Every structure is written in structure tokens, then in C-alpha cells.
Amino acid sequence: MKRRRVVAGNWKMNLNSLEANDLVQDLLSLKHESARIILGVPFVYIASLARLTNGSNIEIAAQNCHHEQKGAYTGEISVEMLKSIGTDYVILGHSERREYFNEDDTLILQKMQLAHEAGLKVIYCCGEPLSVREAGSQNEFVQNQLAQSLLKLSAEEMKNTIVAYEPIWAIGTGKTATADQAQSMHQHIRQLISAQFGQEIADQSSILYGGSVKPANAEELFSKDDVDGGLVGGASLKAELFGPIIEANL
Ligand code: 13P
């Protein structure tokens with residue numbers, strides 16, 4: 001089985017309801033039926049966008065979920081709620097949640113397992129800060145992240161997980177990892193998945209690159225053997241930018 005090529009957008013905390021609808025209508029009209037597209041949208045738009053994209057090649061992701069099944073957690077959103085309104089994926093382990101909401105690998109693993117239990121698929125993010133890259137220890141850093149979360153999943157859970165490598169120094173900075181830097185880390189991640197789950201699962205796992213992906217650099221990044229697509233922030237907010245990135249991955 002060939003692994004899936006994917007372009008995912010992470011809208012983060014952007015767009016009002018009208019803008020969200022317009023953007024998805026524009027993406028649907030691009031008619032890239034062979035592309036697999038996932039949109040990580042704010043909770044409040046999931047239900048309507050899941051209806052709008054039903055039957056298309058666009059799947060909808062939440063950007064977070066709570067780590068407990070249910071209960072007295074005012075303001076929080078559970079995996080079951082997400083599943084019941086048509087959510088396909090949940091993005092977990094994003095560096096912004098690690099940094100601003102103190103999410104550590106133990107919590108991320110808990111969320112991943114809960115999401116899988118509810119029948120959601122996961123986009124799992126990892127990646128090193130600038131200081132680690134400058135010290136040249138990015139491989140050990142990411143290996144450590146994976147060892148505490150991703151590599152503790154069951155094989156079945158791993159099959160329903162997409163990995164996104166997002167070097168923190170490249171997120172929202174305009175500074176992209178070179179295609180060779182991305183390839184080298186993706187290869188490292190695939191080897192770690194292989195060591196834990198076997199070559200077949202590793203070969204089938206989609207590993208996306210994230211961090212200042214734009215139309216100008218998408219094609220080169222996506223041309224690398226172990227780069228199966230991208231997780232795109234800023235450039236996913238405009239169809240005229242996201243469209244060419246989708247095309248670069250066809
Ligand atoms: P940018 O594409 O804006 O750098 O964001 C990347 C990202 O964090 C996607 O999750």
C-alpha cells in the first residue's frame with residue numbers, strides 16, 4: 001500500500017464564520033479530487049464545515065480536545081463531542097499548546113489514546129526549538145518527544161496517526177527548514193516508527209512538514225522521499241495560497 005500524501009491546514013485562532021465558509025467554498029471549487037486535504041478549524045465551525053465538506057476530499061480536524069472523557073470541566077470539549085459532530089481528526093502535540101498551555105508528552109499521550117478510543121484519527125506534532133537545532137541535537141530531542149508519546153501508541157493507533165514535524169523556529173517566522181533538513185528529520189522519524197512498529201507501518205505512515213510552508217517552497221519540500229505533505233498555518237488561510245500548495249503535493 002502506498003502511503004497517503006496529505007496537505008493539512010491549521011487555521012489556529014483565525015477567521016470569522018463567514019470567512020471560514022467562504023474559504024472552504026473556494027477550496028471545494030478547486031476540484032482537486034485526488035488530493036487529500038485536512039482542515040484544522042476552530043471548534044465552533046466544525047459541525048457546519050463537516051456538513052459542507054461531506055462527501056468531498058476535505059476532512060475536518062479539531063485543534064485540541066480535553067484529556068478526560070467527560071465531567072465537570074467547564075468550557076472544555078470532549079473527544080466524544082467531536083466525534084458526534086463529524087470530526088475526522090484532532091491535532092495534538094502542537095508546539096503552541098505545549099508552550100502556552102503547558103502540555104507535556106504525558107498529557108499528549110493521554111489525549112491521543114482518548115481520541116483513538118473515540119474513533120478520531122490524530123495528527124501528532126513534534127519538533128525542536130531553535131536552541132536545540134543550533135546545538136545540533138534535534139534528532140535526540142525529537143526522539144525523546146516520540147519516545148514519551150507517539151511510540152507508546154498501539155500499532156492500530158499508530159496506523160490512524162499522521163505525524164507532523166514542525167521545527168518551532170520555522171513556525172510563523174518565515175524561516176523554513178531546507179528540504180534536506182526536513183528530509184533528514186523525516187527519515188529519522190520513520191526509522192523510529194519502524195523500530196517500534198515494524199517497517200510496514202513505518203512505510204505507510206504519512207509524515208508532514210510544517211513551518212512557513214508557502215507556494216514558493218512547497219514543491220521542493222514535498223519532492224523529498226520522506227516528506228508526504230505539509231501542515232500549513234498562515235498560508236492555509238487564503239485559497240490563493242493554499243491552492244498552489246495542494247497542487248504542489250499532487
Ligand atoms: P506557519 O505555516 O504559519 O508557519 O504555521 C505552521 C504551523 O504551526 C502549522 O501547525
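Since the model is a prediction, treat every value here as computed from it, not as a measurement. Order of appearance sets the numbers: ligands from 1, and atoms from 1 within every ligand.
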For [X], counting its heavy atoms only, list the atoms of ligand 1 lying under 4.0 Å from any of them.
| X | answer |
| --- | --- |
| N10 | 9 (C), 10 (O) |
| S212 | 1 (P), 2 (O), 4 (O) |
| G234 | 1 (P), 2 (O), 3 (O) |
| E166 | 6 (C), 7 (C), 8 (O), 9 (C), 10 (O) |
| H94 | 7 (C), 8 (O), 9 (C), 10 (O) |

Mind listing the closest non-hydrogen atom pair of I108 and G93 along with its distance?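 Where I108 meets G93 most closely, the heavy atoms are CD1-CA, 3.7 Å.
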Is there any ring-ring contact (aromatic ring centres under 6.0 Å, His included) pair reaching into residues 71-126, and which pairs are they, with sequence neighbours excluded?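 Sorted pair list: H66-Y73.
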Given Q181, H186, Q138, E128, the one that forms side chain to side chain donor-acceptor pair (under 3.5 Å) with Y165: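 It is E128, the one option of Q181, H186, Q138, E128 that forms the side chain to side chain donor-acceptor pair (under 3.5 Å) with Y165.
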Quick check on salt bridge (Lys or Arg N to Asp or Glu O under 4.0 Å): which of R98, R97, K111 does D105 satisfy it with?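 Only one option passes, and that is R98.
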Taking D228 as the fixed residue, which of R4, R36, R3 is the one that meets the salt bridge (Lys or Arg N to Asp or Glu O under 4.0 Å) rule?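 By the salt bridge (Lys or Arg N to Asp or Glu O under 4.0 Å) criterion, D228 pairs with just one of R4, R36, R3: R3.
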How does L231 reach ligand 1, if at all, at less than 4.0 Å between non-hydrogen atoms: by side chain, backbone, both, or neither?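 Both backbone and side chain.
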Taking heavy atoms and a distance under 4.0 Å, where does A235 meet ligand 1: side chain, backbone, both or neither?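 Neither; nothing of A235 gets under 4.0 Å from ligand 1.
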Are more than 12 heavy atoms from other residues, nucleotides or ligands located less than 6.0 Å from atom CD of Q148?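 Counting neighbours around CD of Q148, more than 12 heavy atoms of other residues, nucleotides or ligands fall under 6.0 Å, so yes.
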Taking a cutoff of less than 4.0 Å between a non-hydrogen atom of the residue and any ligand atom, is A170 in contact with ligand 1?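 The answer is yes, since A170 has a heavy atom less than 4.0 Å from ligand 1.
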Would you call K12 a ligand 1 contact, heavy-atom distance under 4.0 Å?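 The answer is yes, since K12 has a heavy atom less than 4.0 Å from ligand 1.
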Between Q183 and D226, is a side-chain hydrogen bond (donor to acceptor under 3.5 Å, both in side chains) present by the stated rule, with each step listed? CA-CA 6 Å; Q183 165 58 25; D226 288 289; 2.8 Å; yes
Identify all side-chain donor-acceptor contacts of residues 214-225 below 3.5 Å with residues at least two apart in sequence or on another chain.
unit_1: N217; atom_1: OD1; unit_2: K214; atom_2: N; d: 2.8
unit_1: N217; atom_1: ND2; unit_2: T176; atom_2: OG1; d: 3.0
unit_1: N217; atom_1: ND2; unit_2: S212; atom_2: O; d: 2.9
unit_1: S223; atom_1: OG; unit_2: E220; atom_2: O; d: 2.7
unit_1: K224; atom_1: NZ; unit_2: D180; atom_2: OD1; d: 2.9

Backbone or side-chain N or O of T173 under 3.5 Å from ligand 1 N or O: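 In fact, backbone or side chain, T173 has no N or O that close.
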How far is atom 2 (O) of ligand 1 from its nearest protein heavy atom, and which residue and atom name does that atom have?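 I find the closest protein heavy atom is G233 N, 2.9 Å.
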